[in-house]
Amino acid sequence: MRAFRKSWIGIGLAILFAASLFFFRGSTRYSNLFNSDNFVADISGTPISTTKFLRSMDMNINQFSQMIGNKLTGDQIRSFQVHQLALKNLVNSAIFENEFDKINFILDETTIAKETKRNFPDLYINNKLDDEILNTFLRRQGLKIEDLVDLINFETRSIVFDQLFFQKNYPLQLQINFNKYENQNREIELLKIPYDEIILENYNKDQISKDNNELLDYFNNNSDQYMTKEERDISYILISKSDYRDNFSPSEDSLNEYYNNNKNLFINPEERSFKQFNFKSKEEADEFKLSISGKNNEQIIIFAEENNIVFNEFKNVDRNKVLEQLANAIFELDKGSVSDVVQTTLAYHIIILDEIFPEKELKFDEAKNEINNSLTNFEVDNYFNELKSSLDQQILDGFSITEIADQNNLKLINKKKILNNTNEDDPTLSNVISFSFTQNKDFVSDLVDIDNDTSFIVNIDDIYPSKIESIDNIFDSLLNDFIFTKKTEQAENIFENNKEIFTNISKFYATNPENLNLSLKTNDELPISFKQKIFETDIDKVAFGSDENAIYFANIKSIKIPKEGENTSNINLIGDLKTAFGSEIIKTKEISFNDELINGLLSQYK
């Protein structure tokens, strides 16, 4: 197990955790049962552990699931970029944590101990840390001891640092001016001309041949956009723990013994089932609460359905799977009762509690599979680590990939003329292929970990470099790009020559403008970048923009800014100041990501 911080709280937590978790006869054989020394990222020596990443992922996934009312699929997790959000937050924290360490901003043991008790009072009984409660807490949170100590240490330092250096507000008048700007309206005349409706003389598709000089010049100047994809021949060995599980199944006696010596590990937390009604404003939530007063739960559901009020139903959820504000309300309710309005960063909510499932100790039959998996995993981990060490040594000794496969009775897989396409249905193969395109020819790679369970070795047998496509193969797409560019260039020239004469543009395209009233706060179909230009352009001037479907011109007719701005609540500068400070210190940090491990972890979400 990695060394803990040398504070009495870190050492004390570690001893308590280890004593209860591994109180098992022959426990020395299981001393690494729950170890994890893999890091998803490193910020100048400050690591981000797999445990922290997975916990952050789960928290973000739960929040997104609440927003859409359904559990996220693997495709949705990738589409919503949940992993990027989790990584961003972890990296931001690690940058400051590394800076704190660098400038020797540290906390003494007494402060850490006090903050531990203040933040986690439920871990204590009679002013002493309770090992059983601690174990249960860590298991539920998906944390290791060092993660908990690091969390307390960093959060405490971060709060103090923010209060000392960043706790500032914008001047009141400036806040009022911001409010005025955000509430401005602009009246515009809009021309939207679809590319398909723009006809260029001498640039008709039927009139342009492959030997057209302008087309050939465009092709030569943009040849890097028309390249074949590099292909490679590879050989690789894949090793997976799942291939060895059947060889390491513990006996029934071992399972019983482990259960009897570690019953405190097999406690199901209290769970609750409930219905959650979501509202955009507090007024809507208050009105709903008033309307259902005196109704029973069945009548409330009928009322909601008749009034098209959407609600989500959650079954068997423990408090760690919902937002803290909601959890505080849900786990204070009696069965069948209705909560007050609960505000979160996402919306306003009202909860109806359907069922309570108290905390309970699992019986042996209920815990048997979990114990079997834990002990089997340990034995497989030991074997797998020994195998990996042996393979590492053989790679260092210069063995060819064929010799490695033969000596270890491993399957050698060959792939011919593969493309660097990460859209493979098999995420493991996708990882192998992606990594293969970072390696040199005739070179046996190091052993690469996709995740804790799967690793591979790859050799590049041959490389077929990228080259410029034959114009015959890409003529249609080249011609479309060429004409698209010509249409855009024409529009840009018209804009440059008529920035203050909107009528000329309207006459040129023989199109009547549409009158619109725009606000920064309203959504519309205009491209975001173009709308931004509109709000940066003066009266009687023209703004120009385009997207893949059309070109846009807007004449600014009037700008209406409220005379009186609202005196809103103080706008804190802490975010801006911290971002500016972080932007500077990040320049001094070396940041590296374990892409293979991250991709492997993502592949677990189906």
Side-chain angles (χ1 to χ4, degrees), residues 2-7 9-10 36-64 77-78 80-109 111-112 115-116 119 141-170 324 345 449 451 571-602:
R2 283 177 291 170
F4 298 111
R5 294 182 182 273
K6 294 182 179 179
S7 63
I9 184 67
S36 175
D37 288 326
N38 292 311
F39 302 118
V40 298
D42 182 274
I43 289 77
S44 291
T46 299
I48 298 174
S49 69
T50 301
T51 308
K52 286 183 180 178
F53 174 69
L54 291 176
R55 182 170 183 268
S56 181
M57 281 287 292
D58 289 341
M59 292 172 65
N60 281 285
I61 289 169
N62 287 334
Q63 289 189 14
F64 273 93
I77 289 170
R78 294 170 184 81
F80 295 155
Q81 296 288 293
V82 177
H83 58 294
Q84 296 287 3
L85 181 62
L87 272 176
K88 177 185 175 183
N89 293 333
L90 290 171
V91 169
N92 286 344
S93 296
I95 288 170
F96 277 89
E97 183 177 358
N98 181 267
E99 189 68 13
F100 294 161
D101 293 339
K102 179 181 175 183
I103 63 177
N104 205 28
F105 174 30
I106 59 176
L107 302 177
D108 60 39
E109 292 86 347
T111 301
I112 296 175
E115 289 301 312
T116 302
N119 284 285
Q141 294 291 329
L143 287 171
K144 295 185 297 181
I145 289 294
E146 61 231 55
D147 293 325
L148 179 60
V149 175
D150 284 348
L151 178 66
I152 297 166
N153 196 345
F154 170 70
E155 288 297 332
T156 305
R157 291 188 291 174
S158 181
I159 290 170
V160 173
F161 196 83
D162 290 352
Q163 290 174 343
L164 288 174
F165 295 100
F166 304 138
Q167 194 68 40
K168 305 292 180 183
N169 293 330
Y170 279 104
E324 182 179 358
T345 55
D449 294 331
D451 53 37
I571 303 175
N572 201 301
L573 274 167
I574 188 169
D576 295 330
L577 293 176
K578 195 167 185 177
T579 298
F581 182 73
S583 298
E584 289 302 311
I585 63 174
I586 197 175
K587 298 174 183 177
T588 68
K589 308 299 178 188
E590 293 183 3
I591 301 176
S592 60
F593 295 97
N594 190 340
D595 293 328
E596 289 81 10
L597 177 57
I598 293 170
N599 289 331
L601 294 172
L602 285 176

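We use all heavy atoms of the structure for the numbers below, so side chains are in, but hydrogens, waters and symmetry mates are not.
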Residues in side-chain hydrogen bond (donor to acceptor under 3.5 Å, both in side chains) with Asn92, at least two apart? none
Determine, stepwise, if the pair Lys102 / Ile585 fulfils side chain to side chain contact (heavy atoms under 4.5 Å, CB included). CA-CA 11 Å; Lys102 179 181 175 183; Ile585 63 174; over 6 Å; no
Which pair of heavy atoms, one from Ser56 and one from Leu90, lies closest together, and at what distance? CB-CD1, 4.0 Å
Can you name the closest pair of heavy atoms from Ser44 and Lys589 and give their distance? OG-CA, 3.2 Å
From CA spacing to verdict: side chain to side chain contact (heavy atoms under 4.5 Å, CB included), Phe593, Asp42: CA-CA 7 Å; Phe593 295 97; Asp42 182 274; over 6 Å; no
To the closest 0.5 Å, what do you measure between [atom1] ([X]) and [atom2] ([Y])?
| X | Y | atom1 | atom2 | result |
| --- | --- | --- | --- | --- |
| Ser93 | Lys52 | OG | NZ | 8.5 Å |
| Asp451 | Ile598 | CG | CD1 | 12.5 Å |
| Ile48 | Glu97 | CD1 | CD | 9.0 Å |
| Phe105 | Glu99 | CZ | CD | 11.5 Å |
| Leu148 | Asp150 | CG | CG | 9.0 Å |
| His83 | Met57 | NE2 | CE | 7.5 Å |

Quick one: does [X]'s side chain have a donor or acceptor within less than 3.5 Å of a partner on [Y]'s backbone?
| X | Y | result |
| --- | --- | --- |
| Thr156 | Ile152 | yes |
| Ser49 | Phe39 | no |
| Ser158 | Phe154 | no |
| Asn62 | Asp58 | yes |
| Arg157 | Leu107 | no |

The side chain to side chain contact (heavy atoms under 4.5 Å, CB included) partners of Ile159 (sequence neighbours excluded) come to Gln163
Partners passing side chain to side chain contact (heavy atoms under 4.5 Å, CB included) against Met59 (at least two apart in sequence or in another chain): Arg55
Test side chain to side chain contact (heavy atoms under 4.5 Å, CB included) on Ile77 and Ile61; report intermediate values, then the result. CA-CA 7 Å; Ile77 289 170; Ile61 289 169; 3.6 Å; yes
Starting from the C-alpha separation in whole Å, work towards a yes-or-no answer on side chain to side chain contact (heavy atoms under 4.5 Å, CB included) for Phe96 and Lys578. CA-CA 10 Å; Phe96 277 89; Lys578 195 167 185 177; 3.4 Å; yes
Do [X] and [Y] make a side-chain contact, defined as non-hydrogen atoms from C-beta onward lying under 4.5 Å apart?
| X | Y | result |
| --- | --- | --- |
| Phe64 | Leu85 | yes |
| Glu155 | Leu151 | yes |
| Val40 | Leu54 | no |

Tell me if the aromatic rings of Phe166 and Phe161 count as close, with their centers under 6.0 Å from one another. yes
Applying the side chain to side chain contact (heavy atoms under 4.5 Å, CB included) criterion to Ile591, which one of Ile586, Asn98, Thr46 satisfies it? Ile586
